[in-house]
Amino acid sequence: MTTLATRHTIMRLAVASACSWIALGAAHAQEAQQAPAATAPEVSATEAEAKVDNVVTVSGSRISARGFTQPTPTTTLSADDLAKTAKPNLFNAIAELPALQGSTGRTTSTNSTSSGVQGLSSLSLRGLGPIRTLTLLDGQRVVGANVTGVTDVSQFPQLLVKRVDVVTGGASASYGSDAIGGVVNFITDKKFEGFKFNVEGGQTTYHDDKNGTLQAAWGKAFMDDRLHVTASVEYGREKGIDSPGFGEVGPNGRTWYKNPAYQIRPLSATTDGKPQYTVIEHAQQYQYAKYGLITSGPLQGTAFGLNGQPYQFNYGSNGVPTGTGAVTGCVNPFCVGGDLSGSVGAGTNLAMDLTRQVAYTRVGFDINPDHEIYMTANFGKVKSEFSPNPGAAKNANLTIQCDNPYLPSSIAAACASNNITSFQYGTANAIFPENINVHPTRKMQRLVLGADGRFPVFGKEWSYDAYVERGVNFTDIIVHDITLNARYNAAIDAVRLADGSIVCRSTVARANGCVPLNIIGNVAVDPAAWAYIAPQNGPQQHTRQQQDVGSFNLSGEAFETWAGPIAVATGAEWRRESYRVSGDPYGNGVTADTPNNASYPADPLLNATVGNNWYAGNYHNAAGTYNVREAYLELNVPVLKSASWGEANINLADRQTKYSTSGHVESWKLGANWKTGIDGLRLRAVTSKDVRAPNLSELYAAQVVVNNVVQYQGNTVTIQQRTVGNTKLRPEIARNNIFGIVLDRPSWAPGFSASVDYFDIKVNGVISALTAQQEVDLCVAGNQEICGAMSLNNPVATNNYVTVQAFNLASLHSEGYDLEAAYRMNLKNWNLPGRLTFRGLVTRNIHFLTDSGVVGTIPSEGAGANLGATPRWKGLLSQSWDTDKYSLTLSERWISSGVYSNEFIECQTNCPVSTVQHPTIYNNHMKGAFYVDLGGTWKIGDKATAFFKIDNIANVDPAPAPQANLSFGINPTLYDVIGRVYRVGLRYNF
């Protein structure tokens with residue numbers, strides 16, 4: 001505590017001292033009447049460091065001043081860099097940067113129905129998640145595309161992007177909440193003149209994921225350059241990779257899918273010196289078969305095929321059913337090999353079908369040469385479509401009565417001879433005529449009105465920008481061909497009446513339209529039965545999210561000192577975030593906002609109180625709002641200017657923020673740059689306190705109620721589990737520390753630059769959700785905040801409850817370093833045409849520790865666990881040859897090999913007894929990946945350029961990613977799961 005107080009004291013003294021210097025200098029400046037500095041156009045970070053006589057703005061800071069070099073590392077991708085990647089979506093090009101880890105796109109979350117992130121192109125720095133990465137458009141916030149506040153890069157006007165700055169350090173003091181991992185700032189060309197368009201198309205080597213992009217932009221100045229108008233429209237379609245359906249088969253000829261999974265023995269069995277976990281391929285889940293399987297009792301192992309004919313199921317591992325639900329030679333729930341035709345793991349779409357429609361315009365009017373007013377309008381619509389799984393697997397959790405008229409007579413007779421009236425049953429429901437298909441659509445409408453300019457103060461030039469913004473995002477998630485659990489259960493429980501007709505057993509269900517469904521074998525589904533269990537109007541979730549912002553920023557040089565100008569940036573911002581989400585009455589429950597209607601008629605079989613009637617997903621109503629008021633001050637103070645010792649400056653920032661929900665919080669930054677007397681050598685360091693406020697989802701998540709049991713004081717207590725948001729959440733608090741060494745184009749190597757930056761990020765009070773049992777354990781351990789979320793000693797047992805919600809309990813620690821190097825050379829010195837450019841970026845993750853704060857757990861190390869988002873090494877290298885007419889670019893993407901989990905103990909024999917924290921595993925190695933891409937351009941005229949691109953030339957397969965259940969067995973967060981891709985296109989400028 002003393003150390004923290006001392007740091008705060010030093011910070012405040014530094015700010016106060018600098019402010020007093022400004023006041024003193026202003027008086028001197030008034031007397032001197034110094035001439036204002038010239039304002040230069042925006043340039044990249046690298047150019048900013050070279051043109052020290054100009055006024056520049058770099059995304060890691062609000063400072064605009066001559067000679068200012070910010071201490072926070074920033075990687076810049078120019079428009080040319082982005083064009084060379086030839087991606088149909090700029091998101092994919094930026095996500096390849098090594099510091100970007102854990103970003104989401106159209107190949108992630110394809111196995112979910114209502115998570116809200118399907119098809120969302122969101123960027124994540126340092127593996128801290130998109131919610132801790134602030135994504136800006138021209139330095140301004142953009143309305144979130146879901147209730148976590150995360151923006152969708154696909155909705156941005158990408159053809160007008162002039163550069164992208166990736167700030168790989170905390171920037172909350174400059175930009176506010178969410179910038180714990182850093183900032184990604186898309187900067188558009190506000191003064192573009194002319195017309196340009198881009199057309200491209202491509203497909204994979206498997207002739208799928210066919211894609212096409214059309215983009216056009218126009219800009220023109222009017223009224224003697226006082227009125228400037230730019231506009232762009234974009235359309236893109238990536239058709240995705242459809243589900244191949246059931247069985248161990250990859251889509252469209254991909255051969256790498258082999259049903260990987262963990263085979264997990266019980267902890268109690270690990271006293272034999274053998275590992276608990278074994279990674280297997282050709283995993284067969286023996287609790288169901290493609291068209292049905294009896295999973296327990298004397299008839300266990302009987303499967304059903306064409307027209308319901310029974311046969312003996314082929315278990316892998318030479319397994320033999322025991323009659324008790326187990327299978328000899330297999331480890332619950334997997335055998336190896338055997339009949340894999342019913343496997344559902346490969347049935348998830350590898351990539352979603354995604355359509356982008358974007359329109360953007362900016363109109364700027366110069367009131368005079370120093371002041372501009374402007375308006376920007378942005379419309380973005382992103383629509384995706386995918387299938388999370390084929391069928392609707394039921395894992396041995398169905399009960400079939402022996403009098404079911406759809407059973408073959410031989411099975412009915414076997415029931416009688418074995419004196420049973422029912423049996424347990426599992427099926428993949430492969431008879432369903434359609435797979436579940438999900439259709440998320442996001443529509444953004446954003447309007448910004450602003451003014452910017454410059455004015456003199458005491459002989460110094462100051463710049464300002466002010467704007468108000470309203471952004472609205474409408475998100476609609478529509479799901480088709482999904483079943484209602486209660487109707488499915490009623491439909492499969494059939495009986496034969498005296499007149500010979502087959503009906504649903506339940507008279508209540510029968511009176512409300514139940515049509516019996518035969519799930520015994522490969523039989524055609526009665527369309528009426530399908531319409532009953534999977535009605536035309538499926539789950540729906542409609543969200544309206546709104547962001548209102550008012551912001552004012554001021555920047556300039558206060559006065560000159562012997563070491564250079566002292567620069568100031570200050571400003572204030574007000575922001576309000578709100579959302580409302582509504583579901584359907586079957587998903588949400590029947591309320592005044594979601595009543596039964598003609599599309600969703602009342603049905604006594606369905607739970608009208610809590611909803612949750614669909615096979616999968618969460619479709620509940622919710623609403624919430626909060627507002628933010630904040631102000632900041634940032635200073636750049638030169639402290640050294642010497643021919644021998646070089647130049648140095650100190651960069652300070654402080655932001656005071658008040659949230660309507662959680663109150664006051666402070667963020668700050670203290671950094672320094674030293675351009676040493678050694679040719680080209682510069683040192684930089686920055687330490688900062690950064691924050692992330694709880695988002696709308698965490699604060700106001702809709703309540704979901706289910707029954708559960710917990711262990712409390714030695715007893716099993718039945719509870720009502722109420723999952724809901726927590727309005728008492730506090731902001732997450734992070735400490736960022738960065739130290740870097742930069743070698744920037746020394747005289748002895750004028751084309752060479754390199755940097756090494758060490759980073760250390762600690763986030764406390766991380767917002768995370770717990771299970772009901774974990775909350776009970778924490779309460780027993782003395783956490784009074786969590787004790788207030790439950791009641792377990794009620795005289796009336798039905799009044800016992802545990803409120804499951806997020807708390808500020810967890811912590812994160814990310815540590816590592818970034819390496820960046822570039823070398824440019826002109827080949828004319830070798831009597832050869834063109835220029836060569838070599839560039840490399842590498843991130844090394846030393847630690848990525850997660851501490852859940854839960855009783856009985858230990859921090860988990862994620863660095864190098866390749867099932868996650870933070871490999872030990874991630875690199876991006878490129879080599880370009882450019883002439884005035886041609887260019888070729890070779891690039892390499894690299895992910896180091898790793899482990900499945902750092903908590904595993906690898907052993908084959910003489911293993912220690914496995915524990916929950918440190919399970920034993922036979923093989924804990926997960927392969928890395930090395931991808932090579934090739935692209936080129938050909939200038940076929942003064943204004944037209946043709947280009948091509950081949951990604952993943954060697955068609956490298958993704959590494960298997962086993963799970964405890966059958967999944968598509970890959971990690972799309974790290975690995976290329978699509979394969980070799982070809983693209984060609986044409987760019988035209990005039």
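Values below: all heavy atoms of this structure, side chains included; hydrogens, waters and symmetry mates excluded. Keep in mind that what you see is a predicted model, and the values were worked out from it rather than measured.
By the salt bridge (charged side-chain N to carboxylate O under 4.0 Å, His left out) test, Asp481 is found to be paired with no residue, residues two or more places apart in sequence or in another chain being considered. Checked against side-chain contact (heavy atoms from CB on, under 4.5 Å), Ala810 has the following partners two or more places apart in sequence or in another chain: Val766, Ser768. Residues satisfying the ring-ring contact (aromatic ring centres under 6.0 Å, His included) test with Tyr712, not counting sequence neighbours, are none. Residues satisfying the ring-ring contact (aromatic ring centres under 6.0 Å, His included) test with Phe334, not counting sequence neighbours, are none. Applying the salt bridge (charged side-chain N to carboxylate O under 4.0 Å, His left out) rule to Arg872 yields no partners; only residues at least two apart in sequence or on another chain are considered. Looking at residues two or more places apart in sequence or on another chain, you find a salt bridge (charged side-chain N to carboxylate O under 4.0 Å, His left out) between Asp493 and Arg505. Tyr315 meets the ring-ring contact (aromatic ring centres under 6.0 Å, His included) test with Phe313; sequence neighbours excluded. Listed by chain and residue number, nothing satisfies the salt bridge (charged side-chain N to carboxylate O under 4.0 Å, His left out) test with Asp777 (two or more places apart in sequence, or in another chain).
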Per-pair distances, 0.1 Å, donor-acceptor, side chain in residues 848-855, under 3.5 Å, sequence neighbours excluded:
from: Asp851; atom 1: OD1; to: Gly853; atom 2: N; distance (Å): 3.0
from: Ser852; atom 1: OG; to: Val854; atom 2: N; distance (Å): 3.2
from: Ser852; atom 1: OG; to: Thr857; atom 2: OG1; distance (Å): 3.1

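Using a 4.0 Å cut-off between a side-chain N of Lys or Arg and a carboxylate O of Asp or Glu, Arg487 and Asp603 qualify as a salt bridge. With respect to the salt-bridge test (charged N to carboxylate O, under 4.0 angstrom), the residues Arg254 and Asp208 qualify. Between Arg106 and Asp209, at least one side-chain nitrogen of the basic residue sits less than 4.0 Å from a carboxylate oxygen of the acidic one, meeting the salt-bridge criterion.
The side-chain heavy atoms of Pro260 and Tyr257, taken from C-beta on, include a pair separated by under 4.5 Å. Residues Asn618 and Val704 meet the side-chain proximity criterion, which asks for heavy atoms closer than 4.5 Å. No side-chain heavy atom of Asn252 sits less than 4.5 Å from a side-chain heavy atom of His207. Under the 4.5 Å side-chain criterion, counting only non-hydrogen atoms from C-beta, Asn612 is not in contact with Asn607. Side-chain atoms of Cys415 and Ile420, non-hydrogen and from C-beta on, do get closer than 4.5 Å to each other. Using a 4.5 Å cut-off on side-chain heavy atoms (C-beta onward), Val899 and His925 make no contact. The side-chain heavy atoms of Glu775 and Val804, taken from C-beta on, include a pair separated by under 4.5 Å. Within the 4.5 Å cutoff, the side chain of Leu966 has heavy atoms near those of the Ser343 side chain.
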Go through the steps for Glu248 and His282 under the test side chain to side chain donor-acceptor pair (under 3.5 Å), then give the verdict.
CA-CA 7 Å; Glu248 189 183 80; His282 316 298; 2.9 Å; yes

Determine whether Thr421 and Gln401 satisfy the following criterion, side chain to side chain donor-acceptor pair (under 3.5 Å), listing intermediate values before the conclusion.
CA-CA 6 Å; Thr421 59; Gln401 301 297 325; 4.7 Å; no

Report the C-alpha distance between Ile436 and Asn389 in whole Å, list the side-chain angles of each, state the deciding distance to 0.1 Å, and finish with yes or no for side-chain contact (heavy atoms from CB on, under 4.5 Å).
CA-CA 7 Å; Ile436 298 170; Asn389 58 269; 4.0 Å; yes

If you apply the rule side chain to side chain donor-acceptor pair (under 3.5 Å), what do you find for Thr716 with Gln711, and how did you get there?
CA-CA 5 Å; Thr716 299; Gln711 300 300 314; 2.9 Å; yes

Run Lys258 and Asp957 through salt bridge (charged side-chain N to carboxylate O under 4.0 Å, His left out) and show every step you take.
CA-CA 12 Å; Lys258 297 178 181 178; Asp957 296 336; over 6 Å; no

Audit row: Asp272, Arg265, side-chain contact (heavy atoms from CB on, under 4.5 Å) steps and yes/no
CA-CA 11 Å; Asp272 58 359; Arg265 301 195 300 151; 2.8 Å; yes

Applying side chain to side chain donor-acceptor pair (under 3.5 Å) to Gln101 and Asn845, what does each step give before you reach the verdict?
CA-CA 11 Å; Gln101 299 169 7; Asn845 291 303; 3.2 Å; yes

Show the numbers, then the answer: is there a side-chain contact (heavy atoms from CB on, under 4.5 Å) between Leu340 and Phe246?
CA-CA 9 Å; Leu340 300 173; Phe246 298 88; over 6 Å; no

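With Glu861 contributing its side chain and Ala863 its backbone, the two residues share a donor-acceptor pair below 3.5 Å. Panel note: side chain Asn404, backbone Ile492; a donor-acceptor pair is recorded below 3.5 Å. Side chain of Asn429 to main chain of Gly391: no donor-acceptor pair is present (N/O by atom type, distance under 3.5 Å, no hydrogens or angles). A donor-acceptor pair is defined here as one N or O able to donate and one able to accept, closer than 3.5 Å; such a pair exists between the side chain of Ser896 and the backbone of Trp873. Between the side chain of Tyr425 and the backbone N or O of Asn397, no donor-acceptor pair lies under 3.5 Å. For Gln284 (side chain) and Asn314 (main-chain N/O), a donor-acceptor pair under 3.5 Å exists by modelled atom type. Here the side chain of Tyr206 pairs no donor or acceptor atom with the backbone of Ile978 at under 3.5 angstrom.
Screening residues 897-924 for side-chain hydrogen bond (donor to acceptor under 3.5 Å, both in side chains) gives Gln276-Ser914 as the qualifying pairs, with residues at least two apart or on separate chains. The list of side-chain hydrogen bond (donor to acceptor under 3.5 Å, both in side chains) pairs with a residue in residues 516-527, not counting sequence neighbours, is empty. Sorted by first and then second residue, the side-chain hydrogen bond (donor to acceptor under 3.5 Å, both in side chains) pairs with a member in residues 960-969 form an empty list; sequence neighbours excluded.
Between Tyr262 and Tyr277, the gap from one ring centroid to the other is short of 6.0 Å.
Asn318 CG: 12 or fewer foreign heavy atoms inside a 6.0 Å radius.
Both tests pass for Lys394 against the ring of Tyr488: distance under 6.0 Å to the centre and angle within 45° of the axis.
Annotation for Asn955 and Gly979: closest pair OD1-CA, 3.4 Å, computed over non-hydrogen atoms. Pairing each heavy atom of Thr113 with each of Pro388, the nearest pair is CG2-CG, 3.8 Å. When every heavy atom of Ala961 is checked against every heavy atom of Leu867, the shortest pair comes out as CB-CD2, 3.4 Å. Shortest non-hydrogen contact noted between Tyr619 and Ser114 is CE2-CB, 3.6 Å.
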